[in-house]
Amino acid sequence: MYLLERVRTFRSRRMDSGTEEKIVEKLLFIAALSSTLIVFFIIAFMFKEGIPALALGWDFFFGMIWRPSHNQYGIVPLVVCTFIVGIGALVIAAVIGIPAAIFLAEYAPAWLRNIIKPCVELLVGIPSIVLGFFGLIVIVTYIRDSFGGYGECILAGWIILAIMTLPHVISISEDSIRAVPKGYKEGSLALGATQLQTIKKVILPNARSGILAAMVLGMGNAIGETMAVLMVIGNPEIPFIPSSILDPVRVLTSTIVIEIPYAVWGSLHQQALFALGVVLFIVVAILNLITTAVVRKGAMR
Amino acid sequence: MSKIEVCGLNVYYENGTVHALKEVNLEIETNKITALIGPSGCGKTTFLRALNRMNEVNDVMTKGKVFLDGKDIYNGGEDVIQLRKKVGMVFQQPNPFPMSIYDNVAYGPRIHGTRNKKLDSVVEESLKKAALWDEVHDRLEKNALKFSGGQQQRLCIARALAVNPEVILFDEPCSALDPISTARVEDLLRALKKDYTIVIVTHNMQQAARVSDFTAFFLLGEMIECGRTTQIFEKPKDKRTEDYVTGRFG
Ligand SMILES: Nc1ncnc2c1ncn2[C@@H]1O[C@H](COP(=O)(O)OP(=O)(O)OP(=O)(O)O)[C@@H](O)[C@H]1O
Ligand SMILES: [Mg+2]
């Protein structure tokens, strides 16, 4: 009898821990599910709101004129400007960032690195509105005074976005350079290669996928960035495809911000802005997918 | 005749707080195999890497003289590139570059300016000397990482041979290999002795006894005893050497 009692309590205790485990598992599952649901909800909402505009089809995706007052919603100038601004900023960030990363990982003595690294990281912490403000007061003024034009232009956007992407490009590139196995580097040096030859022939080829990932990720950030860019690129009334880097432009993000306040509720205009959001989302999502693919391919080797 | 002469070599790590080699003196004979033995952390690798100035890749301080063919390699004027060309190195972990067999072997000659035409013969010759040619000659374009550990290590030997060194340093070249691969590398060492001066670090007492002509015993950063391998293993002068080679410690 006593024994049976023992067995029963033992059993029930086990049952208890079993149910507890199940409950915790369920809770964790709900937490995981909720984040997924939120993402899906937002995407579904964006698509639903944007569909009437997306349904314009050719006129939307390949239309050359964006003029809501005339019910014209062609996104080509916006998309083109978005890529011009994003790619240009990235090129600047790469031209400065990759050599900086090489210097930090391969040449800089510890003390210098301990000064430069925190400075670069501090750059990430500057709120984009502050950067935009700085851009507007300093960079835009400088461009206007020395090159003429409005000052608010592609070039200003490039500089501000390059400053914003630079720290990411530097730190991811540096990490991937450091991740190259020490044996490769030593093997090369031991054969009588110079430091520069070693960097060119062994280190960079092996860090390539990481650096590429940094670029694509930086591009995604640059395209999605809103505030700082909005403040320095001019945003002309009717967006056009620029012919000079001193031309003011409009990008996807800035168009949404600027027009939301006066888009009539439920109008095609508002739906078109949602459709812009969808386009932006798809572009950034594709860039992120590319990043993941590049990183995975690099890791597989 | 000695190829390398080390006089009063001291090496310090960590801003001078770790004294890894203390007043080491050693002569390394031409066309002979010299084995460095001693318990873990005694400074064998540090000593080996002092011979081609590979320690400089890390933060170290080196004092003393190392003469290669009578010239002090630490005397400011000496060119580290030329030195490393003359004194090649094979590492503990096989470290072929993630490129084809051909490109691995051609890596050294290419950076030293050998033209494409001559490259083929250099690659073939080096792979033959490293006893790898027969296994890989029809797969030269295949990525080196796809080969076995033993093959990779012989590839690293071929890669070192391709720049035509005079001395080759081996840092525990067999510790990552199985017995069969180990035997092949040992055969290879014996064959290479004819043309090269060889220094090998090994943890394996039998290996030192099997392949080397001379042996130096290190302990806690000091070189305790050196001499003919037979003497070190059969009639060591120092008690500590005797304890070590008979396996009583370390
Ligand atoms: N990069 C480094 N920084 C600081 N100390 C080091 C470094 N490399 C080696 N040392 C120290 O120097 C001493 C000698 O190390 P070394 O690697 O030469 O020994 P070893 O005889 O090769 O040992 P093992 O047989 O384990 O390879 C050790 O005490 C080690 O901790
Ligand atoms: Mg060692």
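Each chain gets a letter, A, B and so on, in the order its sequence line appears, and its residues count up from 1.
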All heavy atoms of B:Met89 vs all of A:Ala190, minimum pair found to be CB-CB, 4.0 Å

Grab the two heavy atoms, one from B:Ile111 and one from A:Gly192, that are nearest each other, plus how far apart they are.
CD1-C, 4.1 Å

Short side-chain to backbone donor-acceptor contact, B:His112 and A:Ala193, under 3.5 Å:
no

Is [Y] close to [X] at the side-chain level, that is, under 4.5 Å between some pair of heavy atoms?
X        : Y        : value
B:Asn58  : A:Lys182 : yes
A:Tyr184 : B:Pro96  : no
B:Tyr107 : A:Val202 : yes

Where on B:Asp103 is there a heavy atom nearer than 4.5 Å to chain A: the side chain, the backbone, both, or neither?
neither

Given heavy-atom pairs under 4.5 angstrom as the criterion, report whether the side chain, backbone, both or neither of B:Arg53 touches chain A.
neither

Chain B: which of A:Pro181, A:Ala110, A:Ser188, A:Pro109 shares the most heavy-atom pairs with it under 4.5 Å?
A:Ser188

More than 12 non-hydrogen atoms from neighbouring residues, nucleotides or ligands closer than 6.0 Å to [atom1] on [X], yes or no?
X        : atom1 : value
B:Asn75  : CG    : yes
B:Lys65  : NZ    : no
A:Tyr142 : OH    : no
B:Lys71  : NZ    : no
B:Asp59  : CG    : no
B:Tyr13  : OH    : yes

Tell me, side chain or backbone of A:Glu186 under 4.5 Å from chain B's heavy atoms, or both, or neither?
both

Hey, which of B:Asn95, B:Val87, B:Asp79 has the most heavy atom pairs under 4.5 Å with chain A?
B:Asn95

Can you spot which of B:Ile81, B:Val57, B:Val80 makes a side chain to side chain contact (heavy atoms under 4.5 Å, CB included) with A:Leu189?
B:Val57

Working to the nearest 0.5 Å, report the span between CG of A:Leu191 and CZ of B:Arg84.
10.5 Å

